[in-house]
Amino acid sequence: MDKLPFSFFLFLVCCYSHFASAQCYNALFNFGDSLSDTGNVVLAGLPYGMTYFGHHTGRCSDGRLIIDFIGKSLIPPLLPLSLLSDASLFVRLHVAEGIGLPHLPPNTASNASFHSGANFAFIAAPALSFDFFHRRGLSQGLHVNASLHEQIDRFQKLLPSICGSPQGLSTGAIFRPANSLLDSCRIPLAECRDFLSKSLLVIGEFGGNDYNTGLFGGWSITKVSSFVPHVTRAVAEGIERLIGLGAVDLIVPSVLPVGCFPLYLTLYQSSDPTEYGRRTGCLRRFNALSWYHNAALRRQLDRFRKKYPAVSIRYADFYAQLFDFVINPLKYGDNIEYEAHEI
Ligand SMILES: *[C@@H]1O[C@H](CO)[C@@H](O)[C@H](O)[C@H]1NC(C)=O
Ligand SMILES: *[C@@H]1O[C@H](CO)[C@@H](O)[C@H](O)[C@H]1NC(C)=O
């Protein structure tokens, strides 16, 4: 109980904001890979972070990541995330810059307080387990054991210390899937369900590293496409685990158009002009893989919206946003300000 007042206070602060219809959050939890790792994998010696933070931070960026902007925008003053449409997510988050909270601590940070959130993302993290790749002779291409489910395992271990009672800690809190929740009304579970019902959870993107592990292991793109149902199922199972713990507000980003990445354009360059998109110059086969993944993910999210009508599941279309960077780079120049409705 001694843990409640602080988060409750933050919750009240944001509820008193003038955005009457805005969603209020007491905490932000993130699961992901290099797109959102804020320091779990510290690549010692790399200079990333120097420009914004003044020292290296372990981010795969010299500045902040999307999740930093989401975290800063949450509390206080509140950015009404619930009012964002999928497509305007990026732009609105940039509008939110400069407001709010300290940056989301990586979950491996010693001494950090996780009462307003934690970040479980690891650079190079896949959705699928070590075993999936090991069975296919690809596990030497994995750089970390931090799949989505391992990240959720860490989250579950951390939860009782954030929202459980001392009794729950000493007896070991029990968390079960959604359908067995009613018969497991242990105190820490109920407290954490209440806490999570006021938290925002971001799951992903996941998938990029799963496909990379196959592709960089020498597999053809056709063979790697067979991973898609496995990857999206792993993401779906992760989402259900989090809903089972009490999450009611989730953002699930898409994978990116990797065919536009300089790495892919270099590794898989082709003399056949039909391999490239006419407007983008991106490698079409690789973007098609991302499309295939995102279509499967969206279908799954639609199924969850029907299955869990009380849960808000927002698809964040990173694909479309990055695609727009490629097609309209001048729109995103330093000195140009954009209104959300222009995208
Ligand atoms: C951890 O927190 C305590 C109390 O706030 C502080 O005295 C100590 O210096 C911190 N340790 C590190 C490694 O930051
Ligand atoms: C991941 O775990 C497996 C065993 O489950 C181990 O063989 C492998 O070396 C680990 N990989 C890393 C990068 O730690």
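The first residue in the sequence is number 1, and the count goes up from there. Note that this is a predicted model, so its numbers are computed, not measured. Start at 1 and go down the list; that is how both ligands and their atoms are numbered.
Scanning the protein for heavy atoms near atom 10 (C) of ligand 2, the closest one is Asn145 ND2, 2.5 Å. Looking from atom 13 (C) of ligand 2 to the surrounding protein, the closest heavy atom is His143 O, 3.5 Å. Of the protein's non-hydrogen atoms, the one nearest atom 6 (C) of ligand 2 is Phe130 CZ, 4.0 Å.
Aromatic ring centres of Phe122 and His143: separated by at least 6.0 Å.
The minimum heavy-atom distance linking Tyr308 with Ile243 is given by the pair CD1-CD1, 3.7 Å.
In this structure, the side chain of Arg241 engages the main chain of His149 through a donor-acceptor pair within 3.5 Å.
Taking 4.0 Å as the cut-off between side-chain N and carboxylate O, Glu275 and Arg284 do not count as a salt-bridged pair.
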